[in-house]
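Here is the structure we will look at.
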Amino acid sequence: MKTLFSARTENHDEPDLVEHVQQPGGLVADNISAWFGDHKVLDRVSLSMAAGEVTALIGPSGCGKSTFLRILNRMHEMIPSASLFGEVRLDGDDIYAPSQRITSARRNIGMVFQKANPFPAMSIYDNTISGLKLAGIRATRAEKDLLVEDSLRKASLWDEVKDRLEQPGGGLSGGQQQRLCIARSLAVSPRVLLMDEPCSALDPTSTRRVEETIESLRGQVTVVIVTHNMQQAARVSSQCAFFLAAQNTPGVIVEYGATEAMFAHPQDDRTSDYVNGRFG
Amino acid sequence: MKTLFSARTENHDEPDLVEHVQQPGGLVADNISAWFGDHKVLDRVSLSMAAGEVTALIGPSGCGKSTFLRILNRMHEMIPSASLFGEVRLDGDDIYAPSQRITSARRNIGMVFQKANPFPAMSIYDNTISGLKLAGIRATRAEKDLLVEDSLRKASLWDEVKDRLEQPGGGLSGGQQQRLCIARSLAVSPRVLLMDEPCSALDPTSTRRVEETIESLRGQVTVVIVTHNMQQAARVSSQCAFFLAAQNTPGVIVEYGATEAMFAHPQDDRTSDYVNGRFG
Amino acid sequence: ASYPRISGNGSSWAGAAIDQWRADVAAQGVTIDFTNDGSSAGRKNFAQEISDFAVSEIPYDGDTADPQDTARPSSPYAMLPIVAGGTSFMYNLPVDGSRFEDLKLSQDALAGIFTGGITRWNDPAIAVENPGVNLPDNQITVVVRSDGSGATAQFTLWMKRAFPDKYAALCARAGCDPAHATSYFPYQGLSNFTAQSQSNGVTTYTSGTEYTINYDEYAYPLGLGFPVAKVKNAAGFYTVPTAPAVAVALTQAIINTDASSPNYLSQDLSNVYGYGDPRSYPMSAYSYLLVPAAERGLFDAAKGATLAYYANYSLCEGQQKMGDLGYSPLPMNLVLAALDQVRKIPGVDADTAASMDATTNGALHGGGNPCNNPTFRPGDSPSQNVLVETAPFPDGCDAACQAPWTGIPSGSGPTYETTTDPNAPAAGGAPDAAANGPAAGAANNAAGSCDPNTGICANAGAAAGSGGTVKTVPTVLASSTGWAGPQSLMIIIGLLILTLIVGPPLVNRLLNGRGRRAPGERS
Amino acid sequence: MTEPVTAPVTFDETLHGRRRRSHAAAALDAAPTQVLELPPPPAERPATVLPRLALDENPADPGRVAVGFSRDDVLSVAGAGLAGLSVGLIFTVVLGIIPTGWLLVVSYVWFVALYAVIVFLRNPGPAVVDRFWSIMLWSAGAVVIASLALVIGFTLISGQDVVTQMFAADAGGLIDRLHFFWQDMGTVGPLAGLEQGGIFHALVGTIEQIGIALIITVPLGLTTAVYLGEVGGRLARFVRTIVEAMTALPSVVAGLFIYAAVIIAFTRQFNGFAAALAITVLMLPIMIRSADVVLRLVPGNLREAGLALGAGQWAVVWYVVLPTVRSGLTTAIILGTAHGIGETAPVLLTAGVTSNLNFDPFNGPMTSLPLAALEFVKAPQPEMRARGFATAAFLLVVVLVLFVIARIIGGQEAGTVSAKQRVRLTQRSRGTLARIQANRREHESRGSADDGEGMPPGLEQLFQPETDPPNLPKATNE
Amino acid sequence: MTAISETADVTTRPDYPEAGADTASPRLIKQVRERADRTFRLVSSTGGVIVLAIMCLVGIFLTVNAVQAIAAVGPVEFLTTQEWSPETNHFGIAAVLTGTVLIALVALVVALPLSLGTSLFITEVARGGFQRTLVSIVDLMAAVPSVVYGLWGLAFLQNNVIGFAKWLSTWFGWIPIFAVDGADPANPLPNNALYGSSTFIAGLVVALMIVPIMTSMMRESFSRAPIGEREGAYALGATRWGMIRSVVLPFGKGGVIGGTMLGLGRALGETIAIYLIISPIFAINFHILQKGSNSVAALIALRYGESNGFTMSALMAAGLALFILTMIVNFTASTIIGRSRSGAESEA
Ligand SMILES: Nc1ncnc2c1ncn2[C@@H]1O[C@H](COP(=O)(O)OP(=O)(O)OP(=O)(O)O)[C@@H](O)[C@H]1O
Ligand SMILES: Nc1ncnc2c1ncn2[C@@H]1O[C@H](COP(=O)(O)OP(=O)(O)OP(=O)(O)O)[C@@H](O)[C@H]1O
Ligand SMILES: [Mg+2]
Ligand SMILES: [Mg+2]
Ligand SMILES: O=P([O-])([O-])[O-]
């Protein structure tokens, strides 16, 4: 198993964590601004996402939630015109520091997208451990087998697919595909898992299963989830941040804090209006 | 407007409707079974959708709601392997009768899809009246202008787009696109409007707007809406049908009736469990 | 001895002969690659030392050479004749509804046709040679080679020598140098000329298109089963380019015996065209082999041995099958001179040298015919040609013919009833060609009818390669292509049918009001 | 965060809260906060219905409604076809005012016209237009198929003598009969009959030339396509533009280029390698272009998914992008190959022509199949022409076989499986599951000694942090 | 930096300075690539550069070789002279290039509707096995060697299409391009040679050769028309053709134009088939039904064998002109495709 997780071991050699010593996975966004070309879409957003907890990002459409999320694991750079300012610290290290490898940042901070995107050319088995292959981690057959089972169990998918592990991943239902993507992300043991509206294309049953999966990750992986669904935010998250972009201005965080406080007695009127369904 | 809607008047010459005499648009599905290849997905489903009212179809994923909906306006036939048994009567005429033209069935029974699909190459104006063009209905510029405004107003979109009618429809936000699709369907004055999870890809604001649009159509057009959202079903519909497909069996309607009755005191335990969020 | 592989290219006119020899020596273990891409390409590749040998109808230099040709080898080379043959004139001419197979032409008329002077099939110059034939009043389409070609060079050389005025006139019209033959037929601006690429293109086009005539190697019309024009020689007899006819004619070729000339052994054919022997075919010529006379580039002595072996075989043994292929074997005196040229090839090996010596000895010193040349009878002078001596005389050539020809023939009657044409040279019609008339065996099997308006034949396609005779409908319609009876009739009938078929339901629909549509329709 | 979060909002409450604004709920709660303008509900709201109670549990399978073509459609086409043919016959055969050869054309025109009229009589405008264009589309398809059939038919008929000879009574044993495929023309002269000679030399030439060309083009072409699609940049755009322009490079120009740059300058003789290079120049742009198109179709979200897993660009290309479009890439290669195999002009300029077998691509002329066909056809002898067309037909067969092979190797689109494959995969899945379970048991028996957890050490390290964080929030809404 | 407050019941509202006071400018982010990625980028761009070098080499080779000939007559004369006689230093590409373009245009006019129809037929009408068969047939058609098309055109098509050419010129001869000089309607005997070897016949054969490549490009783009838009049109009561008009064709426009340009490019460069069919003339002939035409590629194929030195340079100059023409066509095509929707977008 050494080869398999040697990359992880290396990470422990890194400088001591500042914010969270007990558990790795604390993520801090510090003073983030973001642009697409000359169009500023985020203005000095700071947020600390506690290790092992679930943080929900809510807010109306177009306020920059996805952009913020993609900044957290350097997917923002993929868009040619995109640029940003600020720091994102994972366990104290700025992932944008020149010494940081983009690939290790992304391996440590996994991501699940709105639309499930299993690799069509791979079987369910291969999809699950695709992260190993892609990150160049060697593992024996037995190690892989165990990892596949564990990851699929984590994603509450094992029982549904254990009889068709060699079938292509595209043949699953939408919800199953989404959970396969979660399993795939978990297989590389990320410290943080980002989810951009992971359930918005799913039916309630599948949504429930995904939410259960998120529950079960609590305490092990830091989860940041963007959702449009207030109840979902209430159900799964312990922390919550409300994003808003007024007409023609960049998005900002209006209010953040513990989820129950956000929903029970928000301080800002706009937050209150939003979480009570009066707009957005 | 006379030429434009003369066809509508003609229809009143047709044999008297059995189910609904007051208002056209009564839709009756009678003993519908449906297959994909040899896979049976609906088993002897019968449902009467009252003219001018909103009927919601609810049920867990994969139980055949979409299939049923697509059978109602003969979109089911588009899938090569699909077949069906039963009758669908619009104001008493079986739309599957050999003498019936598929195009007129579909024009009378409009459809709005989960993913908004305006014609991206056409302007908003042209999108709205695209149905006329497709049906080969000639209209003067003035008639068209009136129709565009009417339809967009009915879809609560007029104010948002009246300044950019000549811009491509693809440039609108998701919710606006969805309402544009509703406007487009309304422009050919259908008797029935089918909606397959019209809001599941929309943010709450847009969802609200679409629901308002549905409200405003009440009494004019028969609406059949598939939704995963129990609250939505409760908010918009007056009648409700609960679909269910047990493991490896085709989908059936377990229970149907007035929406308030369905939500308040369902007779079947499964309905009760489903509407109370205990499964599905 | 093991011979390394060599390659050459050039004449397609002589292509079949080269190919036959190549196949023969391959059976003896000698591999020759040959591409018959035309004399001009052959000369060019040989000059650029890309090929080891070339075959060409014309030399690099001299007035018979093509002035457009700028390629010259920079190292020594030798030139030797290897095969003789005749340029034939294949035609596709329907007369009275069937393909005409007995066209006779004078050299004058040929020159007229190919220089654009004669443009119609019923031109008096043609009619006079074909009395009694209902020659159509239609344009002659002359099909010529569009690529650079030795056949063209030989043919234009004939025009330049035999009809300089006509050739000059052609050159004036189409732009060429009247002092030289050319490999590119000058057809620009001649509206009834059509150029096609390669012998194959020319003959395929001719076989598929009526009222056409072309010039090319005799093997092509033979292969397609098409007739060739019988050309009137100076004796007034009509001949086709059979092996004996060519051999007879080429006895009059004047050999360049100046061994120092680059064109040593090239032939001056001026006397051939006007030779009075009744058996001779006037448009006869040689094709030449160009070989290196020194090692160069990739051509070393070992390859020289192969080339010498091949050349020796071609000149002796190889001449046997030439008749069957539509060529004429070389006479012994040319073979001997050619062998001298072969000896210049570097690296001739002992076996080949011995074989060549045996041939020379046999011919000059009575050592038999080890060369097995069909024109040579052991003991004869090398300049004697058995083929010439045994060549049959044309029908209607009496005893007087055996000597230099003197009188008007009598005997076999004309094929066609004579019209009393005062200009006809021979009252009884012309004698037929010597031997195996080209399309004598062509079967009249493919009958079909072609419409004169559209040109569509009922059995279209049967013409190509079938050797059949295509019959045309002999009906003559007066001015049928304008707006006339049939067209009006067509329209009227069309309208009538339309009204009958479509009218009643349309009227019915209109009467019942436009609104009645199928139930359920509500646009 | 010091105490477990108690659910401030539960699913049910939310549902309830929402329902307060809905008219249905409003009616239920008898506390309407919103008054909707609705048709008054029927006096007595019916209770709900359980429709299944009235149905058999196991009914006989009813017949199915026939959808698709109605008899009307079929009869319209048939009737119009018959009428068109009749009119055609009247014009051509009966009246004779149009030559018989035009029968089909005339009938077709009338068929279209009459069909439009028939449809018009019973259908509205758009249907007429639809049917008219349907006929046009069918016609376009038919014309394309017919032209190909004519080309192939002409080729086969022109080369039939070769086939006839193969089946002749006196052709000898099977090996002798098939001499056309294993003999060369080395010892076969122009006068030889069809019982001798073959095209083995050309087949060898084609295989070697296309083989060399593929050895160069496949890696180079695919690398370049990947460069265009995955690396990008201004230079890549320039390369793409040049490559696109080069797809139309006249083949003869490519031949000239190699002739001057390779044969005149270096080899001083015709050879197969030069021909392969000329084919390469022609195949490269075609292959790059079609591969580039295919690569661009890979959804961007797959690349993002790969990158989000921490993969480098190379890993994403190699493990995600290329496998996803494998069948498309195979098609690109085959298209290029099929094109290269049929090239004539550049081979003529560079490989020379020979009748002899030549295995050495670096020395001496080497014929390929299309060139052999052209050379055969150029000859005057009917046997040679027959060989030429037979060669062309054989070339078509070779290409066809290539296509089939490519389809087998390339397989279907990624992610789609045929019914047969599905069965196989199901069996494999069973094997995999058994193996995993075996591994699990073994691991547990080994691992039970220390902690009894069914997880590999690495995973433990990952998912079971050394110290439990205090106050781990618990699920709140159960 | 603000951390989430430690008390669960209080939320935080971050303070933002007045809008506009913010002066942060984008941060420069350096991407450190893995070694494998650097190697990958290096190798793949090397591939690209090699291909570019090969392609440029062809262009440079043509240019260098053409200079001598073009310099001898001057570019203006080279472009305007119709004759081709490099031996007498009197040559130009006016006629050959016009002929090339005419043949290509005829081919396009025939091939465009045919391939549009066929590709729509394949994507919209044919289903299942029939559809797959059709795709294979079209692919096979692309693989038929051009020499086979040429021979077919020469020996089969020509004889069978002349009747149509005649009919066209007889009835539509008043349109200049359909006129045939020397046609004699009064003569009852056919003069088919007038109509043979024409731009029209060469164009027809070339059309068949470019149909497959055009069809497959169009089919590709049509088949990607989003299913949602298709269903949207059907749900409005559209007929199949209505759906094609409003969804498939607009979506596939880029593919149609791209395919057409690709076909045009191939038509411009086609060699052997044209070489076998046309009767080359060195005068501009706009009468497409009349015998006599020309094309740059065919001219090169016709003359390369005998050419060397200056005459070869002249051929190279013609090749260069053709090359530049195809470049222009392709640049236009890629610009148009770049602006259109189909293909570019990955509808996931
Ligand atoms: N690739 C891009 N190029 C330019 N602008 C972009 C791009 N992606 C997003 N934007 C803009 O950035 C802003 C924020 O977008 P973002 O996708 O982050 O919003 P969001 O909150 O995720 O919205 P949603 O809830 O609809 O997903 C929007 O105004 C959007 O138009
Ligand atoms: N094109 C198809 N081919 C084969 N089977 C299909 C097809 N479409 C749907 N099915 C099957 O038919 C059944 C009913 O599907 P349908 O889409 O009607 O369900 P649904 O209730 O609309 O589900 P959802 O809520 O997820 O939209 C499912 O089992 C599904 O797998
Ligand atoms: Mg988003
Ligand atoms: Mg559905
Ligand atoms: O023999 P030629 O091809 O030059 O006529």
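So you know, we letter chains A, B, ... as the sequences are listed, proteins then strands, and number each from 1. Predicted model, so just to flag it, every value in this text is computed and none were measured.
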Please look at [X] and chain D and tell me whether the side chain, the backbone, both or neither of the residue comes under 4.5 angstrom of a heavy atom of that chain.
X	value
E:M261	neither
E:V296	neither
E:V144	both
E:M312	side chain
E:L157	neither
E:L264	neither
E:Y149	side chain
E:E220	side chain
E:I272	side chain
E:L114	both
E:L262	side chain
E:L151	both

- Query: Do we see a donor-acceptor contact under 3.5 Å between the side chains of D:R385 and D:S158?
  - Reply: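 No pair is found: no donor N or O on one side chain lies under 3.5 Å from an acceptor on the other.
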- Heavy-atom neighbours of E:R132 CZ exceed 12 at 6.0 Å: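 It does not: E:R132 CZ has 12 such atoms or fewer within range.
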- Item | Heavy-atom closest pair, residues D:P285 and E:M55 |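 Here D:P285 and E:M55 meet closest at CD-CE, 3.6 Å.
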- Query: Picking from D:L396, D:V226, D:L256, which has the most non-hydrogen pairs under 4.5 angstrom with chain E?
  - Reply: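 Counting heavy-atom pairs under 4.5 Å, the top option is D:L256.
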- Query: Rounded to the nearest 0.5 Å, what separation is found between the SG atom of E:C56 and the CZ atom of E:F61?
  - Reply: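 E:C56 SG to E:F61 CZ: 14.5 Å, rounded to 0.5 Å.
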- Engaged part of D:L374 at the chain E interface, taking heavy atoms whose separation is under 4.5 Å: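 Both backbone and side chain.
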